[in-house]
Amino acid sequence: MIYLGVGANLPSAKFLSPRETLEAAMADLGKLGVVSVGVSRWYESAPVPLSDQPWYVNAVYRVETDHNAATLLAKLHSMEDEYGRVRGVVNAARVIDLDLLDFRGEVRDRSDGPNLPHPRLHERAFVLYPLRDLAPDWRHPVSGATIDSLVAALDPDQTVRLLGSDG
């Protein structure tokens with residue numbers, strides 16, 4: 001399975017809400033050979049690290065593609081650019097963030113293509129809660145830890161809550 005984390009906390013030029021932007025981007029990825037086959041519930045989360053930024057909207061998608069991990073990551077970055085993501089300050093507010101979380105359980109470091117699994121996914125409530133919705137039996141490809149044990153080990157300062165149906 002391939003899992004993508006999606007998040008945003010600013011409206012884009014085309015859409016009123018971060019969720020609308022993320023849903024449109026995921027639909028557009030279908031035109032690039034990346035097909036969504038499942039999506040978690042939607043969450044809102046406090047910025048990490050805590051700041052006065054707006055809260056984020058997050059979900060996890062399960063996708064299928066014939067692309068390899070490096071090509072998929074390049075397509076995700078291209079989609080971010082198309083939707084107005086400006087890279088600059090780390091952890092800055094953003095109109096879109098598309099992360100490759102897990103690519104069929106592969107383990108790699110940067111010298112061998114994209115970092116897999118995503119190097120911070122096990123530390124982020126805004127990734128683990130939606131991933132657990134979608135894949136309750138998922139295990140971390142490096143540590144073998146269950147998703148429930150990773151959630152239990154989260155820093156209690158990370159705040160996530162289910163997003164209402166209108167978000």
Side-chain angles (χ1 to χ4, degrees), residues 2-29 36 39-63 69 72-103 108-110 114-135 138 140-143 145-167:
I2 303 168
Y3 297 100
L4 306 180
V6 304
N9 68 341
L10 297 174
S12 67
K14 292 169 119 179
F15 300 97
L16 296 176
S17 76
R19 181 173 172 175
E20 288 174 318
T21 299
L22 296 168
E23 289 175 331
M26 290 305 299
D28 282 349
L29 276 172
S36 172
V39 64
S40 70
R41 295 180 292 176
W42 288 87
Y43 289 80
E44 52 185 355
S45 61
V48 176
L50 286 174
S51 70
D52 61 356
Q53 291 181 31
W55 278 43
Y56 281 80
V57 172
N58 301 96
V60 169
Y61 280 80
R62 182 173 34 235
V63 300
L72 175 57
L73 187 58
K75 291 192 179 297
L76 296 177
H77 288 166
S78 173
M79 188 63 57
E80 287 177 337
D81 292 344
E82 182 179 323
Y83 274 76
R85 167 118 187 230
V86 177
R87 295 182 186 275
V89 178
V90 175
N91 297 320
R94 58 199 66 170
V95 298
I96 190 169
D97 190 19
L98 305 175
D99 288 328
L100 179 54
L101 302 175
D102 183 359
F103 189 89
R108 297 178 179 196
D109 62 25
R110 287 198 192 278
N115 255 352
L116 291 170
H118 190 284
R120 291 174 302 285
L121 79 85
H122 62 285
E123 303 169 344
R124 304 291 200 227
F126 63 82
V127 170
L128 292 176
Y129 279 85
L131 181 58
R132 184 170 62 178
D133 287 348
L134 200 54
W138 182 87
H140 193 281
V142 175
S143 70
T146 66
I147 193 121
D148 287 333
S149 67
L150 293 171
V151 167
L154 286 168
D155 183 331
D157 288 342
Q158 292 190 51
T159 305
V160 297
R161 58 187 179 222
L162 280 172
L163 188 63
S165 60
D166 61 342

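Throughout, numbering of the chain's residues begins at 1 and tracks the sequence.
Residues that satisfy the side chain to side chain contact (heavy atoms under 4.5 Å, CB included) test with D97, not counting sequence neighbours, are E80, R85, R94, D99. Under the side-chain hydrogen bond (donor to acceptor under 3.5 Å, both in side chains) criterion, W42 pairs with no residue at all, not counting sequence neighbours. For R41, the salt bridge (Lys or Arg N to Asp or Glu O under 4.0 Å) criterion is met by D133, not counting sequence neighbours. With sequence neighbours excluded, the residues satisfying salt bridge (Lys or Arg N to Asp or Glu O under 4.0 Å) with E23 are R19. With sequence neighbours excluded, the residues forming a side-chain hydrogen bond (donor to acceptor under 3.5 Å, both in side chains) with S12 are T21, listed by chain and number. Checked against salt bridge (Lys or Arg N to Asp or Glu O under 4.0 Å), D28 has the following partners two or more places apart in sequence or in another chain: K31. Remark: D148 engages R132 in a side-chain hydrogen bond (donor to acceptor under 3.5 Å, both in side chains) (not counting sequence neighbours). For S51, the side chain to side chain contact (heavy atoms under 4.5 Å, CB included) partners at least two apart in sequence or on another chain are P47, Q53. By the side-chain hydrogen bond (donor to acceptor under 3.5 Å, both in side chains) test, S149 pairs with T146, sequence neighbours left out.
Using a 4.5 Å cut-off on side-chain heavy atoms (C-beta onward), L150 and L131 make no contact. Considering only heavy atoms from C-beta on, Q158 stays 4.5 Å or farther from S45 through its side chain. Counting heavy atoms from C-beta outward, L72 and L100 have side chains that approach closer than 4.5 Å. Put simply, the side chain of N9 reaches to within 4.5 Å of the side chain of P54, judged on heavy atoms. Using a 4.5 Å cut-off on side-chain heavy atoms (C-beta onward), P141 and D102 make contact.
Rounding to the nearest 0.5 Å places NE2 of H118 at 11.0 Å from CG of L4. Separating the CG atom in L73 from the CG atom in L98 is a distance of 10.0 Å, to the nearest 0.5 Å. Going from atom CD1 of I96 over to atom CG of L10 covers 12.0 Å, rounded to the nearest 0.5 Å. To the nearest 0.5 Å, the span separating CG on L101 from NE2 on H140 amounts to 10.0 Å.
Here the shortest heavy-atom pairing between V63 and S36 reads CG1-CA, 4.1 Å. Annotation for L22 and A8: closest pair CD1-N, 3.9 Å, computed over non-hydrogen atoms. In terms of heavy-atom proximity, A93 sits nearest to Y56 at CA-OH, 3.7 Å. Of all the heavy atoms in L116 and A69, the pair that sits closest is CD1-CB, 3.7 Å. Annotation for G5 and V60: closest pair CA-CG2, 4.3 Å, computed over non-hydrogen atoms. Between L134 and Y61, the shortest heavy-atom distance links the atoms CD2-C, 3.7 Å.
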Please list, one pair per line, the donor and acceptor atoms closer than 3.5 Å that link side chains of residues 121-129 to other protein atoms, with sequence neighbours excluded.
none

Open item on the list: What verdict does the side chain to side chain contact (heavy atoms under 4.5 Å, CB included) test give for N58 and L163, after you've listed the backbone C-alpha separation in whole Å, the side-chain angles of each residue and the deciding distance to 0.1 Å?
Closed with: CA-CA 9 Å; N58 301 96; L163 188 63; over 6 Å; no
Open item on the list: Walk me through whether V95 and F15 qualify under side chain to side chain contact (heavy atoms under 4.5 Å, CB included).
Closed with: CA-CA 10 Å; V95 298; F15 300 97; over 6 Å; no
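For residues 152-161, the pairs satisfying salt bridge (charged side-chain N to carboxylate O under 4.0 Å, His left out) are E44-R161, with sequence neighbours left out. Counting only residues at least two apart or on different chains, no salt bridge (charged side-chain N to carboxylate O under 4.0 Å, His left out) pair has a member in residues 4-17.
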